[in-house]
Amino acid sequence: EGWPADQGHLGGARNRAQAVGEPQLEGRGLLGRVAVHLEVEGENRQAIGNWGLPADAAPLTRLRFLGAQAHVRNGAGRLEDAIRIGHQALKIAEALAVPWRDAEARNELAYSYYQAKQIERAASLGEEAMALALRDGDPTTLAHVSTVQGIIRGDQGDTQGERLSLQAAL
């Protein structure tokens, strides 16, 4: 459960967190431990360019990197950061002009807006994501988008829409 200090840059987060008085990492999920690591490392910068991604990284690499960063921040409850980074990822996905990638970026952003209780914006992005996913036809993307749509529809009180979306995800 605990992380040994020699387990890479996240492995030492436990010791660094304890050293600066941060809460114990024991019993936290992975995203919780990563969130503490981000705080311990002083990650409150607006730019993420110095996170180890080369400035000349290919657009697809940048998209994947930004998507992962947004996902981690979303899971850690850092929704403002997740939304900001999600918009950066969406710009790249749009420029790549690959419908399933665009759908996935919109879907992740929709979920971040949902988490931030901005349900109308989440639903709008979710509809855009579904239109792109349907056009592309990738079953994995369709499942991802259907899942998030089901979650949003459930929050809106649309139990039939929630059920249909979650069934479509299966």
To the nearest 0.5 Å, what is the distance between [atom1] ([X]) and [atom2] ([Y])?
X	Y	atom1	atom2	value
His87	Ser112	NE2	OG	9.0 Å
Glu108	Tyr111	CD	OH	9.0 Å
Ser146	Ile151	OG	CD1	11.0 Å

(message) The criterion is side chain to side chain contact (heavy atoms under 4.5 Å, CB included); which residues satisfy it with Leu79, sequence neighbours excluded?
(response) Asn74, Gln115, Ala116
(request) Under the side chain to side chain contact (heavy atoms under 4.5 Å, CB included) rule, collect the residues that match up with Ala68, sequence neighbours excluded. (result) none
Nearest heavy atoms of [X] and [Y], plus distance in Å:
X	Y	result
Ala70	Ala82	O-CB, 3.5 Å
Ala89	Gly67	CB-N, 4.4 Å
Ala110	Gly126	CB-N, 3.8 Å

By the salt bridge (charged side-chain N to carboxylate O under 4.0 Å, His left out) test, which pairs, at least two apart or in different chains, include something from [range]?
range	result
residues 154-167	none
residues 144-154	Glu127-Arg153
residues 130-145	none

Is any side-chain heavy atom of [X] closer than 4.5 Å to a side-chain heavy atom of [Y]?
X	Y	answer
Gln88	Ile92	no
Asn107	Gln149	no
Glu104	Trp100	yes
Thr140	His144	yes

(message) Which Ile, Leu, Val, Met, Phe, Trp or Tyr residues join Val145 in one cluster when any pair of side-chain heavy atoms under 4.5 Å counts as a link?
(response) Met130, Leu134, Leu142
(request) List, by chain and number, the other hydrophobic cluster members for Tyr113, where Ile, Leu, Val, Met, Phe, Trp and Tyr join if side-chain heavy atoms come within less than 4.5 Å, directly or indirectly. (result)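 The other cluster members (ILVMFWY side chains, heavy atoms under 4.5 Å, direct or chained) are Ile83, Leu90, Leu109, Leu125.
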(message) Taking CZ in Arg64 as the centre, count heavy atoms belonging to other residues, nucleotides or ligands within less than 6.0 Å. Is the count above 12?
(response) no
(message) Would you say that more than 12 heavy atoms from the other residues, nucleotides or ligands in this model lie under 6.0 Å from the CD of Glu120, or not?
(response)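 Atom CD in Glu120 is not crowded, with 12 or fewer foreign heavy atoms closer than 6.0 Å.
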(request) Kindly work out whether a path of hydrophobic side-chain contacts (I/L/V/M/F/W/Y, heavy atoms less than 4.5 Å apart) joins Leu60 to Leu132. (result) no
(message) Applying a strict under-4.5 Å side-chain criterion to I, L, V, M, F, W and Y, I'd like to know whether Val148 and Leu164 cluster together.
(response)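 Cluster IDs for Val148 and Leu164 differ.
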(request) Please check if the side chain of Thr61 supplies one atom and the backbone of Ala57 the other of a donor-acceptor pair under 3.5 Å. (result)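 Here the side-chain-to-backbone pair does not exist.
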(request) Could I get the full list of salt bridge (Lys or Arg N to Asp or Glu O under 4.0 Å) partners for Arg106, not counting sequence neighbours? (result)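 With sequence neighbours excluded, Arg106 shows a salt bridge (Lys or Arg N to Asp or Glu O under 4.0 Å) to Glu94, Asp102, Glu128, given in chain and number order.
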